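Letters A, B, ... mirror the listed sequences (proteins, then strands); counts begin at 1. Note that the coordinates shown come from a computational prediction; the quantities given were computed from them, not determined experimentally.
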Amino acid sequence: MLKLIIGIVLGAILSVVAIWQTAGKLMFEETVSPFTVEETVARIQHNVQAAGNGWALFGLRYPTRPVEAEGVSVLPVIAIEACSPKYSGPILKDDRTRFLSLLMPCKISVYKKSDGKVYIGTMNAGLIGKLFGPLVAETMEHVVADQKKFLEFDPTKPAPALILPKAGGEGGGGGAAAGGC
Amino acid sequence: MNWKTLARAAALLAGLAAFGAQAVPSLGDKLPRVAKGTADHGKFKELQRVFKSGPDVTKACLACHTDAAQQVQHTRHWTWEVVDPKTGQMLGKKNLINNFCTTTVSNEKDCMACHAGYGWQDKSFDFSREDNVDCLICHDSTGTYRKLPGDAGHPVYVRKEFPAGSGKFVEAVDLATVAQKVAMPSRANCGSCHFFGAGGDGTKHGDLDSSLKKPGKHLDVHMDAAGLNFSCVACHKTVDHQVPGSRYEFAASRSGPPTPRGKYDAEPAACQACHGDKPHHENPLLMDRLNVHTDKLACQTCHVPQFARNAIGTEKSWDWSTATKMGPEGKPIVVKDSAGRRAFDSKKGNFAWDSFLIPEYRWFNGKVAFKTLGEKIDPAGVVEINRPEGKPGDPGARIWPFKVHRGKQAYDPELKNLLVVHTAGEDHTALWHNFDWPKAIGTGMQTAGLPWSGKYDFVATEMSWPITHMVAPKGDAVTCAQCHTGEGRLAGVGGVWLPGQHRNAIIDTMGWAVVGLALLGTLIHGGIRVCVLCRRKKGTNPQ
C-alpha cells in the first residue's frame, strides 16, 4: 500500500514538473519569417485587413523604445494589435469571461533575435480557449483559423507599405475602438 | 573617534564648504555669460556684408585664417585622391569604383555636393584656387547650409525645388548668417556627407546615419547626446585640417597603453588610443580572459553587436542590372519597401535594405586592395570592389566586423573591366535622363579616357566596409555564447581556435575519460565507505 501511495505521489510530482516545463511553450508559438521585421509586420497588417470577420488593426507597439530610452541596446520588436468585435463582443458581454479583456486586443509580435533571424510570436489561442469554457473555446477556434490566414505570405507579391498608426483611423489607437474592442 | 566618524565629519565640512561656495557668488558669476570660444564671428566687420557666392565667403575667411585653404588643399577632403604607399596606386574617390553610384568620373556635378569645395564639375577644376575651398560645409553651425546634387559643390543660392517635380523646396542659404556663426565641426557637419553617402540616409556605411546627430546611449556610448556627447573630431582629432582615421589609413590593430590626454597620437581614432589594449578591468574573474581576446579581435567585433541599429537601416545590395526598366505605363517608377526605403528606381535598379544587421567577420590588417578604373576583373566570380587584407598570424591583423554590400554592376564582357557609367546630368547621354545604357557608358568611358568594346553585361560585385561606430553599452556587447558555439558568429573565419566551436576528438576523449575516471573513483570510494560502515554496524549489532 505504501508503495502505491509513493508511486501516486511521485507520478503527481513528475506530472506537475512536466506541465511546469512545457506549459509556457504550449501557450505561445514562434515561427521564422523570411522577410525583414518591417515587411513581416506590413504583410501581417494587410492580411488582417483582408481577413474579413470584422478584423481591424488596433495599433502598433514598439516595446523596445522605453528600454532604449534607458540606454540599453535591444533588438527590434514590433507588436501588431488586431481586433474583431465579432469575436470579442460575446466574451466581453458575459460577466464570467469579461476578465479575458486582459488578452485583448489580439497581439502578434514580430522580432529579431541575436541569430539575425526574424521571428513571429503568437499566442496559442486554441489552447487558451479550451481553458475557459465552451463559449471562449468556440470563439477561439474561429480566431485560430483567422490567425492562420494572417500568417500566410505570398512572396511573389511585392512588399506592402507598413500601416502606421494615425489618430482616429485604422491602425491607430482609436481605430477599432469604434468596433467594440 | 574611529575612522568612520572622521569620514562623516570630513563629508559634512565638505558639504558646508560647497554650500558656502554656492551661497557667495564669485566675480565670474556676476559677469554676463560668454559664448563658447574666444571669437564671436558675428562681430567681425569682414563678415557683416552680403555674400553672393561661396567663394566670396572663403575670401573673407582667408583674410584672417591665412593658411586654412592651403591646409585643406592637402587633405583627402579636397583632392579626393590618395596614393597607396605600398603599391603606388592612385586611390580615393577620384580614381576608384564603388558599389553604389559606381564612380564620380563624368558625374562630378552631382557627386561634388559632398566635396569641400566649389565648382568641380569636370577635369578643368582648378585645385590650386584657394577661394574654391568650402569652409562652411564643415564649420556651419546653423544647419541651414545645403549643397545639392547638380550644383558642382555650390550651396543653394536661389530657392529651388528638390528633387525636381517633388513639390519640396530648399531655401536659399543666407551666406552672411552662416559665415557669422561658424563653429568647430559638429556631428551634423560631418554627417551632412558621411551620414548620407551613396545618395541616402544610412545607405553606405551601416554604422553612420542621421540618427547619430542626436543619439541615445543605446545607439552609441560615445556620441550619446545626453552623456559623453563626443563630436566626430573628438576621436578623429584633426591637425592642420588633416582628419585621421580614414579607411585609407586604417589602424586595424594597436598595442600598448592609452595615450595620455593632450599628447599627440598618430592614431587617435583607434579605440586603444583612449582605452589601451587591455581595457577590461572591472570584473576580476573575467578581465584576464577578456583581455586575451584583444590579440585576436578588434574592439568593435564585440562592442558593435549589430550595425544600423535603428529604423533608418542600411542598404544591403544595389542591383544595377534592372535599371532602365520602366513601370507598366512605360514611365520611370520608384518603389519603396515596407519601411519606406528605396526598393526599386528605374534610374538605379533594385535595392535591399534592413536594420539591426549582424556584421560579417574577416581578418583585417588595415590594408585594403581596391579596384581602380580600368582594372581587369574575373567575371566568373564575385568581383571584390575592395578586399580587406590580413590573415591569421599576421601581427597587425585582427578579426574585424564588416558590412558587406553586394550588387551587380555593368562591365565590358570583352575587355573584362568594370564600366564607367555617366549617370547624372541633364544631357542626352546621362542614364538618369535618357535611360540608355550604351550612350551612358560611351560618355562615361570616353570621359575616363578608357577603351570600351561597345558591349556590356552585368557582374556580381561586393564591397566591404569596416564597422566601427554605433558602439553599444558594455552590457550589450556580443556574449561569449554568440561566438563560442557550433554555428557562432565567427564560424568560417578560420585561423583561431574557438572553444565551443572547434573540437578535437583526441582532446575531447581525454577530457571525458578524466571525467569518467573521476566519477568512477568517487563511486568506488563512496561504495567502499558505505560497505565499511555497514560492516561496522553489523559488527556492533548485539543480535
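- When the shell of 6.0 Å around NZ of B:Lys296 is examined, it contains 12 or fewer heavy atoms from other residues, nucleotides or ligands.
- Heavy atoms of other residues, nucleotides or ligands lying less than 6.0 angstrom from CH2 of B:Trp497 number more than 12.
- Put simply, the side chain of B:Lys217 never gets that close to the backbone of A:Ala69: no donor and acceptor are under 3.5 Å apart.
- For the pair A:Val74 and B:His218, the minimum side-chain heavy-atom distance is 4.5 Å or more.
- Within a 6.0 Å radius of CD in A:Glu30, more than 12 heavy atoms belonging to other residues, nucleotides or ligands are found.
- Residue pairs that meet the side-chain hydrogen bond (donor to acceptor under 3.5 Å, both in side chains) test with at least one member in residues 463-473 of chain B, sequence neighbours left out, are B:Asp207-B:His469, B:Gln300-B:Thr468, B:Arg362-B:Ser464.
- Between B:Arg489 and A:Asp115 there is no salt bridge, since none of the side-chain N atoms of the basic residue sits less than 4.0 Å from a carboxylate O of the acidic one.
- Residue-environment remark: NZ (A:Lys107) exceeds the threshold of 12 foreign heavy atoms within 6.0 Å.
- Rounding to the nearest 0.5 angstrom, the gap separating the CD atom in A:Glu38 from the CG atom in B:Asp354 is 6.5 Å.
- B:Asp476 places no side-chain N or O within 3.5 Å of a backbone atom of A:Val72 that could act as its donor or acceptor partner.
- Between chain B and the options A:Ala159, A:Gly116, A:Pro160, heavy-atom pairs under 4.5 Å are most frequent for A:Pro160.
- In this structure, OG1 in A:Thr64 is found 6.5 Å from CZ in B:Phe356, a value given to the nearest 0.5 Å.
- In this structure the side chain of A:Lys112 reaches within 4.5 angstrom of the side chain of B:Leu357, judged on heavy atoms.
- Formation of a donor-acceptor pair under 3.5 Å by the B:Ser338 side chain with backbone atoms of A:Ala42 is not found in this model.
- Within 6.0 Å of NZ on A:Lys130 lie no more than 12 heavy atoms contributed by other residues, nucleotides or ligands.
- Heavy atoms of B:Ser355 lying under 4.5 Å from chain A belong to its backbone as well as its side chain.
- For B:Lys403, the NZ atom sits in a packed shell: over 12 heavy atoms of surrounding residues, nucleotides or ligands are nearer than 6.0 Å.
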